[in-house]
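Here the structure comes first, spelled out in structure tokens, and everything after it is commentary.
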Amino acid sequence: MDDTEALKMIDKSFYLRDVLEVAPDLLGKTIIRKWPSGCEERVLITETEAYSGMGDKACHASKGRTNRTEVMFMEGGILYMYLVYGMHWMLNVVTSVEDEPQAVLIRGLNTVNGPGRLTRFLELDKSFNREDLIMSDRISLYDTGLSPDYDALPRIGIDYAGEYWKNKPWRFVMK
DNA sequence: GTAACGATCCTC
DNA sequence: AGGATCGTTACA
């Protein structure tokens, strides 16, 4: 029996909200990653970070519209993938409406911790940039019915953004 | 064209 | 505490 039917696919409207609502709401949601072989991996999201608009000095979109950041200006419900430190792919979910550049960094799973390690585990790279979470046959997000308790803490690795943005409690960790 | 810098991870 | 490693960005 296929227990996918117990899960409800997250719909478009979920992603069109503000990133500060979506980021904590993604905790406890399930990512289902499918390969052409028929292999499938299911994981639970346990840690996220919100990056909110052109004003947020830690958000890549604070640089404005560039080839890299353009995806964040698009309508929510797609992925933003980018490489950091020349070796780690970062998995981000774009949120909000068109021209509001926001994204949620997926930072931890029940199976793997760390944003670089989890993309390696799920085999996610540049080819997933702009992937549509509603339409994709490779990756999709499902509601589990869970709404776990969480802590809101400062974001990691953004010293360059200055004290004000560095101290925003926009990292959400499932208890 | 060049140079500097990361939303990290691993090993010392 | 320091090195790996390369796409993106800024600037000449």
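Naming: A, B, ... by sequence-line order, numbering from 1 per chain.
Of the candidate nucleotides dC10(B), dA4(C), dA7(B), dC10(B) has the atom lying nearest to any side-chain atom of R117(A).
Side-chain contact check for E47(A) and N113(A): no donor-acceptor pair (N or O, by modelled atom type) lies under 3.5 Å. Looking at W35(A) and E123(A), their side chains do bring a donor and an acceptor atom within 3.5 Å of each other.
Ion pair R138(A)/D132(A) not flagged as a salt bridge, since none of the NZ, NE, NH1 or NH2 atoms sits closer than 4.0 Å to an Asp/Glu carboxylate oxygen.
Pairing for dA4(C) is with dT8(B), a Watson-Crick or G-U wobble pair whose two hydrogen-bonding atom distances lie under 3.5 Å.
Rounded to a whole Å, the CD1 atom of I106(A) is 14 Å from the P atom of dT8(B). In this structure, K126(A) atom NZ and dC6(C) atom C1' are separated by 11 Å, rounded to whole Å. One atom, CD of E47(A), and another, C1' of dT8(B), lie 13 Å apart when rounded to the nearest Å. Atoms CG (L83(A)) and C1' (dC9(B)) sit 13 Å apart, rounded to a whole Å. Atom NZ in K57(A) sits about 19 Å away from atom P in dC5(B), given to the nearest Å. As a whole-Å value, the separation of N92(A) CG from dG6(B) P is 17 Å. Atom CG of N113(A) and atom C1' of dC9(B) are 13 Å apart (whole Å). With rounding to whole Å, R107(A) atom CZ is found 7 Å from dC9(B) atom P.
The line from CZ of R130(A) to OG of S136(A) is 15.5 Å long, rounded to the nearest 0.5 Å.
Dashed line: the shortest gap from a side-chain N or O of R120(A) to OP1 or OP2 of dC10(B) is under 4.0 Å. Here K63(A) does not reach the OP1 or OP2 of dG6(B): none of its side-chain N or O atoms lies under 4.0 Å away. OP1 or OP2 of dT8(C) has not a single side-chain nitrogen or oxygen of T66(A) nearer than 4.0 Å.
Within 4.0 Å (heavy atoms only), R68(A) reaches sugar-phosphate atoms of the nucleic acid but no base atom. Residue contacts for G86(A): at a heavy-atom cut-off of 4.0 Å it reaches a base atom on one of the strands shown. Residue contacts for I158(A): at a heavy-atom cut-off of 4.0 Å it reaches the sugar-phosphate backbone alone, with no base atom in range. Note on M90(A): only backbone sugar-phosphate atoms sit closer than 4.0 angstrom, heavy atoms only; bases stay farther off.
With hydrogens and angles disregarded, no donor-acceptor distance shorter than 3.5 Å links the side chain of R107(A) to the backbone of T48(A).
Within 3.5 Å, a donor on the side chain of Y82(A) pairs with an acceptor on the base of dA7(B), or the reverse. Within 3.5 Å, a donor on the side chain of H60(A) pairs with an acceptor on the base of dA7(B), or the reverse.
Judged by ring centres under 5.5 Å apart and planes tilted less than 30 degrees, Y51(A) stacks against the six-membered base ring of dA7(B).
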